[in-house]
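What follows is a set of notes on a single structure, which appears directly below.
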Amino acid sequence: MAHTASPPPTAGGLTATEHRLANGLRVVLSEDHQTPVAAVCLWYDVGSRHEVEGRTGLAHLFEHLMFQGSAQVKGNGHFELVQGAGGSLNGTTSFERTNYFETMPAHQLELALWLEADRMGSLLAALDEESMENQRDVVKNERRQRYDNVPYGTAFERLTAMVYPEGHPYHHTPIGSMADLDAATLEDARDFFRTYYAPNNAVLAVVGDIDPERTLAWVEKYFGSIPSHDGKRPPRDGTLPDVIGEEVRQVLHEEVPSRALMAAYRLPHDGTREADAADVALTVLGGGESSRLHNRLVRRDRTAVTAGFGMLRLAGAPSMGWLDVKTSGDAEIAAIEAAVDEELARFAAEGPTEEEMERAQALLEREWLDRLATVGGRADELCRYAVLFGDPQLALTAVERVLQVTADEVREVAAARLRPDNRAVLVYEPVQGTAPDTAAEVADGATVSDTASAPEAADTAARDDQETAQ
């Protein structure tokens, strides 16, 4: 077993050690004895970008199948054992990875490691047509409930398809299409497991009240005998021009509570200084109630009830900036769009003020600290940087890079990327008879139904625990 020593303490004294088993499994450990809990996080380097045409949604479907039993754990036993021990668990799928995670009382850590190893090493022994059909129906129902049958539910899916052209590995979202979910076979699932669910395609992070030597011994005991697999197919190239080259637009007439203006912009790849600058820019423009767009559209013009701008960071393709504005009353989209363009042009010309820079960087620092404050969040961040960038230690210094970004860099990335010829626009117009009800609800102080954020839509949660149990 190879071993890499911890670097000097960085984020509030937090450290991490790295190890590698003979079968290729990367292991990252981070001690934290403040509370008697431990988090286990396992990232597999596979997401929707690895899927082929005609089999979209397979990565997410397989994530569900991972909770359907293995050689030693039958049916819903994974949930029953973890929850019976006082722990919590789940899994999610994104464009770029699939992850599984448990947070346990520290004395139950060995159980979580054994469970993850058992399904990594023996899932095929339990995978059959019954579990395949069961989870196919669950995923299709999830698509109906979270995407197809809710207001604005397919917005992110539509914008993604507009920003990333046909044939691009990010053209489709992790949820997949109904037709492709129907077409997936048991052999497709088995081949998917053999190809991607191998120890040399995974990173395991264990964080919390742990004894590193004992934890490593358990990892070696339970994971060490699982064979590696060298048949992984690399994802297709995600390279694209920096800008789309023209504005692309769709207008939808649907049963939605209010008019909406949504737009997506191509932004720099995650892991670059330009991506950090773009994150600061979007935070100044649309991060919270002190942002420029909120002040302009919600407070001053009163043409919107919500106005936000966020960033979906992607490593294997251009990242995406996500603009989401819901109108107030009878406000027209044209007026809102003109105001947005005016604010973006002014920002590109003048850049952020010193006060805006300080506020935006403080917000991003707080978000980073919140992620690292919990053992589960820290384990996830260590896995993320190990899988996507090859170095889990980067998780402990990420905020330093954001804080080093200058106002000039923020202005430059906004001028280069937040342009009309680099965006996909989606406009929602309520079908006749729906808009007046919304206006009345807003007047009464009711909350208008909102779209899931881009990161939430891209990071498809498997289910609530009970849904999988069925």
Side-chain angles (χ1 to χ4, degrees), residues 1-11 13-45 70-73 78 81-82 85-89 91 97 99-123 197-229 372 374-396:
M1 180 186 297
H3 169 76
T4 302
S6 296
T10 51
L14 299 178
T15 60
T17 58
E18 304 170 50
H19 315 265
R20 189 183 293 270
L21 272 58
N23 59 11
L25 178 68
R26 297 182 66 185
V27 183
V28 184
L29 305 181
S30 180
E31 288 185 79
D32 183 348
H33 301 290
Q34 295 187 58
T35 55
V37 296
V40 172
C41 184
L42 187 59
W43 272 45
Y44 290 93
D45 186 11
S70 51
Q72 307 300 322
V73 182
H78 196 118
L81 287 168
V82 170
S88 62
L89 72 162
R97 59 98 184 103
N99 68 346
Y100 303 89
F101 44 92
E102 295 89 5
T103 299
M104 306 287 284
H107 68 282
Q108 295 286 1
L109 171 61
E110 184 180 8
L111 172 63
L113 293 171
W114 175 76
L115 285 167
E116 288 294 356
D118 191 60
R119 60 181 175 182
M120 177 190 281
S122 69
L123 186 89
Y197 277 71
N200 54 317
N201 195 46
V203 172
L204 172 69
V206 185
V207 176
D209 189 13
I210 64 173
D211 178 312
E213 290 188 8
R214 180 184 299 173
T215 300
L216 277 176
W218 285 333
V219 171
E220 181 66 56
K221 176 181 179 180
Y222 297 122
F223 288 90
S225 62
I226 302 173
S228 60
H229 180 72
L372 265 62
T374 66
V375 292
R378 195 180 321 145
D380 193 60
E381 287 294 294
L382 290 169
C383 281
R384 171 176 175 254
Y385 280 92
V387 169
L388 298 182
F389 306 107
D391 184 2
Q393 308 294 345
L394 292 172
L396 305 180

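This chain uses plain numbering: 1 for the first residue, then up along the sequence. Computed over heavy atoms, backbone and side chain alike; hydrogens, waters and symmetry mates excluded.
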Side-chain heavy atoms of [X] within contact of [Y], under 4.5 Å:
| X | Y | value |
| --- | --- | --- |
| Val203 | Pro392 | no |
| Tyr197 | Arg119 | no |
| Leu25 | Ile226 | no |
| Leu81 | Trp114 | yes |
| Cys383 | Arg97 | no |
| Arg378 | Asp32 | yes |
| Thr103 | Phe101 | no |
| Val387 | Arg26 | no |

Do [X] side-chain atoms and [Y] backbone N/O form a donor-acceptor pair below 3.5 Å?
| X | Y | answer |
| --- | --- | --- |
| Arg384 | Trp43 | no |
| Asn99 | Cys41 | no |
| Asn200 | Ser228 | no |

Next on the checklist: Walk me through whether Glu102 and Glu116 qualify under side-chain contact (heavy atoms from CB on, under 4.5 Å).
Outcome noted: CA-CA 9 Å; Glu102 295 89 5; Glu116 288 294 356; 2.5 Å; yes

Checklist entry - After noting the C-alpha distance and the side-chain angles of Leu113 and Leu204, does the key distance pass the side-chain contact (heavy atoms from CB on, under 4.5 Å) rule? => result CA-CA 10 Å; Leu113 293 171; Leu204 172 69; 4.1 Å; yes

For [X] versus [Y], what's the shortest heavy-atom pair and its separation?
| X | Y | result |
| --- | --- | --- |
| Gly224 | Asn23 | O-ND2, 3.6 Å |
| Ala379 | Ala39 | CB-CB, 4.3 Å |
| Val375 | Gly208 | CG1-CA, 3.7 Å |
| Ala198 | His229 | CB-CB, 3.7 Å |

Next on the checklist: Walk me through whether Leu115 and Tyr100 qualify under side-chain contact (heavy atoms from CB on, under 4.5 Å).
Outcome noted: CA-CA 11 Å; Leu115 285 167; Tyr100 303 89; over 6 Å; no

Next on the checklist: Side chains of Tyr222 and Glu110 only: does a donor on one sit below 3.5 Å from an acceptor on the other?
Outcome noted: yes

Next on the checklist: Checking His19 against Glu220: is there a side-chain donor and acceptor pair closer than 3.5 Å?
Outcome noted: no

Item to check | Intermediate values then yes/no, side-chain contact (heavy atoms from CB on, under 4.5 Å), Leu89 and Met104 | outcome: CA-CA 9 Å; Leu89 72 162; Met104 306 287 284; over 6 Å; no

